[in-house]
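Single-structure report; data block below.
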Amino acid sequence: MAISPLLTRLYTPADFGTLAVVTAVASILGAGATLGTDRALIVAHDRATTGALGALGLLSTLVVGAGTAAVAWVLRSDAARWFTAPALEGLWWSVPVTVVAVGAQRIASAVLARRQQHRSIALRNACQGIGQSVWNLAMAAAGPVGLVGGLAVGRIAAVLGMVRFRRGAGERVTPRSLSAAARHHRRFLVITPWSSMLNVVGQQAPGLLIAALHGSVAAGFVALTMRVLGAPVGMVADATAQYAAGAFGLRIRSGDPVRRLVLRLVVRLATAGAVAVLVVLLLGPVVFSTVFGPEWAVSGTYAQVLVPAFAVQVAASPVTQVLSMLHRQGTQLTWDASRLVLSTAAVLVPSVFGAPMPVVLVTLASAMTVSYAVVLVLVLRAARIHDTGATAKTLRSPALPECNM
């Protein structure tokens, strides 16, 4: 985020458009590559199952990465034409490499979240940011590969930064333990990958549609807006989600209430989001033109349109994982599919009718706001049901016998 002013002077809007496409495709496939094991291992009840789920997730990630490489090679020319991004033809390899990096990072991050090793998570974030920034700057002379390649480099640096915290952890993984873990957590493996991919598709589909319908230059201006708004939102949401995953996982494994923690996190994040909205609404175009250059002022106007939706997102996204943790995978899948339909329609319908970009972004922001408000209601309802069951279980527990002195 801090080097964005430099990047806008080193790379063109078309380069940012290519980055948006690679980010979207790799994020979607990387989310499903783990087969939902990154969610399942947080609520697993023993170390043997946790290790087996981690190994299964890494294996599936490698398989998906290999398949992605084959498809990307075959479709490299077509993809460049579909998204009006010529650089994609030569950068086809960046998609499978980033997919594997995303999947590996999700697994490693889940292990740290389960152990509530927050310092290790902070180190991961630092390694990712530094690695990506160094690559972006050092490889700027090489063209768009310097921007696009940073996605994978940052995540690989993050995984390497976490490796030393994983040595010696867990039990020996055997085919029998893999099979047992897969059977016990089959709902995660069957439903969660689709839900995770739909979740990321819902986030990335608008950018892909904008690139396809309006061209890579228009997508580049939107991509910078998404980068500037999404970077702090992503860092806050990701850090909070990792903390919350460990806290929620521990409470769910212990049968303790979770609704109060959900509410506390949402209120704090919503307060921070409201402050960000005020700043962007007042200073958006001025800041963008001053920091990134006058040609990027339009991105500041786009930021004013989108920032309220990002504020709602930062309050909701860290707690949506509660649905799958509470075995509400069907509810999560339904919401992810609905959000995808709504966000896709928000871009597609006005674009087909020739609406200008600000109108397209207004409809997109409205769709995002409604979607995240709905999922907050679903999470709070699931948490209330869980807490009711946890309280009833406590009341049914036999009392300790009195001691006669």
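When a residue number appears, it is its place in the shown sequence, counting from 1.
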Go through the structure and list residues passing ring-ring contact (aromatic ring centres under 6.0 Å, His included) with Trp296, not counting sequence neighbours. Phe16, Phe221

Measuring from atom CD1 of Ile156 to atom OG1 of Thr98, what distance do you get when rounded to the nearest 0.5 angstrom? 8.0 Å

Pair listing, ring-ring contact (aromatic ring centres under 6.0 Å, His included) test, anchored in residues 348-371, at least two apart: none

Quick check for you: to the nearest 0.5 Å, what is the distance between Gln332 atom CD and Trp194 atom CH2? 16.0 Å

Donor-acceptor under 3.5 Å (Thr34 side chain, Gly57 main chain): no

Pairs meeting criterion ring-ring contact (aromatic ring centres under 6.0 Å, His included) with involvement of residues 269-290, two or more places apart: Phe288-Phe292

Suppose the criterion is side-chain hydrogen bond (donor to acceptor under 3.5 Å, both in side chains): which pairs have a residue in residues 345-369, not counting sequence neighbours? His214-Ser351

Who are the side chain to side chain contact (heavy atoms under 4.5 Å, CB included) partners of Ala70, not counting sequence neighbours? none

Under a 4.5 Å cut-off applied to non-hydrogen side-chain atoms, are Asp15 and Leu7 in contact? no

Donor-acceptor contact below 3.5 Å, side chain Thr18 vs main chain Ala87: no

Applying side-chain hydrogen bond (donor to acceptor under 3.5 Å, both in side chains), which residue pairs with at least one partner in residues 272-283 are found, sequence neighbours left out? none

Between the OG1 atom in Thr23 and the CG atom in Leu151, the distance rounded to the nearest 0.5 Å is 4.0 Å

If the condition is side chain to side chain contact (heavy atoms under 4.5 Å, CB included), which residues does Val291 pass it with, not counting sequence neighbours? Pro5, Val287

Decide, yes or no, whether a salt bridge links Asp38 with Arg106 under the criterion of side-chain N to carboxylate O below 4.0 Å. yes

Scan Val25, Val63, Val95 and name whichever one has a side-chain contact (heavy atoms from CB on, under 4.5 Å) with Thr68. Val95

Determine whether the side chains of Thr192 and Arg39 contain a donor N or O and an acceptor N or O closer than 3.5 Å. no

By side chain to side chain contact (heavy atoms under 4.5 Å, CB included) - contacts of Arg384 (at least two apart): Arg259, Arg381, Thr388

Backbone of Ile130 reached by a side-chain donor or acceptor of Ser133 within 3.5 Å: no

From Thr331 atom OG1 to Gln329 atom CD, the distance as rounded to the nearest 0.5 Å: 9.0 Å

Test your reading of the model: is there a side-chain donor-acceptor pair from Arg339 to the backbone of Asn199, 3.5 Å cut-off? yes

Could you check whether any side-chain N or O of Ser179 sits under 3.5 Å from a backbone N or O of Pro175, counting only pairs where one atom can act as donor and the other as acceptor? no

Can you tell me which residue pairs pass the side-chain hydrogen bond (donor to acceptor under 3.5 Å, both in side chains) test with a partner in residues 142-154, sequence neighbours excluded? none

Applying ring-ring contact (aromatic ring centres under 6.0 Å, His included), can you list everything that pairs with Tyr372, at least two apart in sequence or on another chain? Trp335

Distance-only, no hydrogens or angles: does the Tyr11 side chain make a donor-acceptor pair with backbone N or O of Asn136 under 3.5 Å? yes

Please round to the nearest 0.5 Å and tell me the distance separating atom CG of Leu88 and atom CH2 of Trp82. 11.0 Å

With Trp73 via ring-ring contact (aromatic ring centres under 6.0 Å, His included) - residues at least two apart: Trp92

side-chain hydrogen bond (donor to acceptor under 3.5 Å, both in side chains) contacts touching residues 260-270 (sequence neighbours left out): none

Partner of Val307 by side-chain contact (heavy atoms from CB on, under 4.5 Å), out of Leu278, Val277, Val279: Val277

Is the closest side-chain donor-acceptor distance between Gln105 and Gln128 under 3.5 Å? yes

